[in-house]
Each structure stands twice: as C-alpha cells, then as structure tokens.
Amino acid sequence: MTSINVNLPNQSYEIAIAPAGLDQLGEYMSQLQLGKKVLLVSNPVIFKHYGERAIVSLKNAGFEVASHNLPPGERYKTLNSIQKLYDVALQKRLERSSTMVALGGGVVGDMTGFAAATWLRGINVIQVPTTLLAMVDSAIGGKTGVNHPQGKNLIGAFHQPRFVLIDPEVLKTLPVREFRAGMAEVIKYGVIWSAELFTRLEGSKHLDQLRYVKTDLINDILTYSCQAKADVVAADEKESGLRTILNYGHTIGHAVESLTQYSLLKHGEAVGIGMVVAGQIAVELGLWSQEETERQNALIKKASLPTKLPQGLDIDGMIGALQLDKKVQSGKVRFVLPTEVGVVKVTDEVPTDTIHRILGQMIHE
Ligand SMILES: NC(=O)c1ccc[n+]([C@@H]2O[C@H](COP(=O)([O-])OP(=O)(O)OC[C@H]3O[C@@H](n4cnc5c(N)ncnc54)[C@H](O)[C@@H]3O)[C@@H](O)[C@H]2O)c1
C-alpha cells in the first residue's frame, strides 16, 4: 500500500493506493471517526462490478449502508440528478456526521462531492475513483460540481474528501478508450511537474492498454501522478495561482471539445491534442526545445491518443471559443507552456496569429 498525504490548512487527508483495497474500504473508513450512516453513490455499470464488495466491506466495519445509482454519463451531470440524490439523503435521514462515498469515475465523483458539499451545508465525502482519470485527477483536490445547460461545470463548490481510496485492480474492467483518456492526464503531470514520471513513461513499451502496462509501472504512474496533484493542491487549494498549471493542454482541449459539441472526443483525447498544440506554441516562442516537444508527442502517440485536430475544424471558431474559456482574463487567453520537462510557465502573451498559424498546421488531413 502506498500512502500520499494532501496537506491542507483546514483538513489534510490521505490518498491510499492499495491493490484489492476495495475490500478494506470499511476498515479504512472506521479510522476516520465518521458517523454510522453511509450513502454509497455509484452508477449502474460500476455498481454491478464493485458495489456489493464495497457494501460488504462497509457493513463488516459496522456502518449502516444505503446506496443510490446515478444515471450514467456526462449528460446526466445535472442539478436534476442532484435533486434525486438529495431525496435519497432525506429519506435515509443522513446527518451532519454521515458520509457519502463516491464509487465511480469523474462524473460520479464530481456529483457526489457536490451533493455532500451542499447537503446540510456539508457532510463527509470519501472518493473511491474507478477510472484512471478520476484516480489521478478528479478524486483529489475538492473540486465538485455539475453542468449548466450553457456550459460544463459552471455550478460547483470546493469540498475536500476525507479520504481517497485507489484500488488499481478496478481498472481491469475500464474500457480501453477511457484508460487512454486518463493516460493523457498522466502524461500532463510528467510534462508540468515530474521529470521522473516522464522518464518512467518513456521507458515503457506500451501506454495504450492496461494489460500491456506492467503492474509496477501502474503503481508508479498512480503514485507520481497523485503526488503531483497533491503537491499542487496543497500549494494552492482554491486555484488562485499555481493550480492553473494543471490546465496544461486544456485551453485548446476545451475549445476543441466545445466546437465538436462534446461528442467526438473524450476529454483526455482533447487534452492530448491540446498538449501537442501548446508544445508547438512553446517552441515557436523560443520557450521549449523541439527535441523535448517531440519526446512529449511520442508519449501521446504511445498512448494511442490523437495528435491532430479533427478534420474540418473551423480555426476562426476555435479562436472564438478560446476567448470564452473560463480562464480568460481581460480578454487575453492564458496558456500554460513548458520550458523544460517537469517545468512550465503561465503566459497570456501568445499572439493570436501564432495560435492561428499553429492550429492551421495541426488539422487532420
Ligand atoms: N473535479 C475535478 O477536479 C475534475 C478533474 C477532471 C475531470 N473532472 C470531471 O470528470 C468527468 C470525467 O470523468 P471520467 O473521465 O472518469 O469519466 P466518467 O465518470 O464518465 O466514466 C467514464 C465511463 O467509464 C465507466 N466506468 C468507470 N469506471 C469503470 C470501471 N472501473 N469499469 C468499467 N467501467 C467503468 C463509467 O460508467 C463511464 O461510462 C467530467 O465530468 C469532468 O468534468 C473533474
């Protein structure tokens, strides 16, 4: 078992990376002095695989457990789904000392976190992530929320979990495309924070399917990535500074996702393309070497992630979408750009014609 601490002024918490740890969920939680009532929140697909094991472990540890399945998919990440979750919380009489356990990917994690942040003005939440993306990213750091019809994640709250339990074995049932999308965020940590992780990824023959990635590498991937996220969150809990660097590849990625109506690409795939574009911008501005950019792009290809913008994408539309990004300040688009592997800088000094030209070169033919 590997343990990583997220050090925060108000409440620090542990991330445990433990193979087969799902069967110890109740034991881990009984060390946290929580109330007896637990609401396990999942979705039907994930619950079918892992719900019973989680419930058995919780009951064995003496918890009184109820469960609720959210409808699966990003399109149900809405206030309407949260309302139904509140109904269950009311019916089960959850109290201030009660706990919601999120068993699922980022969608389940964000929604459960938001419901826990707001029910009775805040009850405990435990994150048990089941996608690679959720393990290395969304389960850590306390960002919770739902979508508004006009935009993703517009409604939300910061609410840190009391504990994060990562059982790498649950990745065995994760669809391959989801695994690759999570790998984009892993590569991101290598570029922005951890040169060691970057080198470890370069040393692996495969990054595209779990069954070809050695178990000790999966453990390293999770450990380095979670440590990177924990370091950044500890330095800047509410995203007023350093935490911006986690958006590497996301400026372009979000614009591509929005222009393709969130249906063509997974978030991680869009981030992969965004990293290739950001790398090229950094080279053109003389910030990063061509050689290191190519090393980054080789990792993205090794994970079988796309490196080109979708065919027929409208470049002017992209520039327009960039202006709408949540991170735009005083009309200037902010980019996170690498200067060497493991180090980035944040700048809003990228000329629009440079962005335009590079995007033009990156369209799929
Ligand atoms: N809070 C944050 O800091 C943060 C960061 C990044 C992303 N997000 C959010 O995360 C969401 C995306 O999360 P995601 O990529 O985990 O996708 P997801 O939660 O939609 O899960 C992807 C799919 O995999 C299935 N699945 C999950 N685990 C499985 C398993 N072990 N076996 C079989 N199937 C499994 C799910 O049912 C779903 O169909 C987005 O809503 C995004 O906004 C939040």
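Numbers here simply count residues along the sequence, with the first being 1. We count ligands from 1, going down the list as the structure has it; atoms in each ligand are counted the same way.
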Open item on the list: Evaluate R295 against E291 for salt bridge (Lys or Arg N to Asp or Glu O under 4.0 Å), listing each step before the verdict.
Closed with: CA-CA 6 Å; R295 283 170 59 200; E291 184 256 321; 3.7 Å; yes

Flag if over 12 foreign heavy atoms under 6.0 Å of [atom1], [X]:
{"X": "Y76", "atom1": "OH", "answer": "no"}
{"X": "R75", "atom1": "CZ", "answer": "no"}
{"X": "Q361", "atom1": "CD", "answer": "yes"}

Please say whether [X] places an N or O atom under 3.5 Å from an N or O atom belonging to ligand 1.
{"X": "G106", "answer": "yes"}
{"X": "T144", "answer": "no"}
{"X": "V108", "answer": "no"}
{"X": "I140", "answer": "no"}
{"X": "N43", "answer": "yes"}

Open item on the list: Looking at ligand 1, would H267 count as a contact under a 4.0 Å heavy-atom criterion?
Closed with: no

TODO: Give a yes/no verdict on whether any heavy atom in P129 is under 4.0 Å from an atom of ligand 1.
DONE: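 No heavy atom of P129 comes that close to ligand 1.
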
TODO: Can you confirm whether something in the protein, heavy atoms only, sits under 4.0 Å from atom 9 (C) of ligand 1?
DONE: yes

Open item on the list: Can you check atom 3 (O) of ligand 1: any protein non-hydrogen atom closer than 4.0 Å?
Closed with: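 When distances to the protein are checked, atom 3 (O) of ligand 1 has a heavy atom within 4.0 Å.
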
Which heavy atom of the protein is the closest neighbour of [atom], given with residue, atom name and distance?
{"atom": "atom 7 (C) of ligand 1", "result": "L133 CD2, 3.7 Å"}
{"atom": "atom 44 (C) of ligand 1", "result": "D110 OD2, 3.2 Å"}
{"atom": "atom 35 (C) of ligand 1", "result": "L174 CD1, 3.8 Å"}
{"atom": "atom 23 (C) of ligand 1", "result": "E178 OE2, 3.6 Å"}
{"atom": "atom 18 (P) of ligand 1", "result": "V107 CG2, 3.9 Å"}
{"atom": "atom 6 (C) of ligand 1", "result": "D137 OD2, 3.4 Å"}
{"atom": "atom 30 (C) of ligand 1", "result": "T173 OG1, 3.5 Å"}
{"atom": "atom 42 (C) of ligand 1", "result": "K77 NZ, 3.8 Å"}

Record the part of [X] in heavy-atom contact with ligand 1 below 4.0 Å; permitted values are side chain, backbone, both and neither.
{"X": "A181", "result": "neither"}
{"X": "K143", "result": "both"}
{"X": "P72", "result": "neither"}

TODO: For residues Y13 and L32, determine if any side-chain heavy atom of one lies less than 4.5 Å from a side-chain heavy atom of the other.
DONE: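 Contact flag for Y13/L32 side chains = no.
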
For [Y], is there an ion pair with [X] - N to carboxylate O distance below 4.0 angstrom?
{"X": "K266", "Y": "E257", "value": "no"}
{"X": "K302", "Y": "E202", "value": "no"}
{"X": "R357", "Y": "E284", "value": "yes"}
{"X": "K77", "Y": "D110", "value": "yes"}

Open item on the list: Can you see whether H356 engages D316 through a side-chain donor-acceptor pair at a distance of less than 3.5 angstrom?
Closed with: yes

TODO: Decide ring pair (Phe, Tyr, Trp, His ring centres under 6.0 Å) for Y189 and Y224; before the verdict, give the C-alpha distance in whole Å, the side-chain angles of both, and the deciding distance to 0.1 Å.
DONE: CA-CA 8 Å; Y189 291 122; Y224 282 113; over 10 Å; no

Those atoms of ligand 1 less than 4.0 Å from some heavy atom in [X]:
{"X": "K152", "answer": "43 (O)"}
{"X": "E74", "answer": "40 (C), 41 (O)"}
{"X": "N153", "answer": "43 (O)"}

Task: Least distance between heavy atoms, I187 atom then L299 atom - done: CD1-O, 3.6 Å

TODO: Report yes or no: does D236 contribute a side-chain atom to a donor-acceptor pair with the main-chain N or O of L242 at less than 3.5 Å?
DONE: yes

- [ ] Check whether any side-chain N or O of Q127 sits under 3.5 Å from a backbone N or O of G109 as a donor-acceptor pair, and report yes or no.
- [x] yes

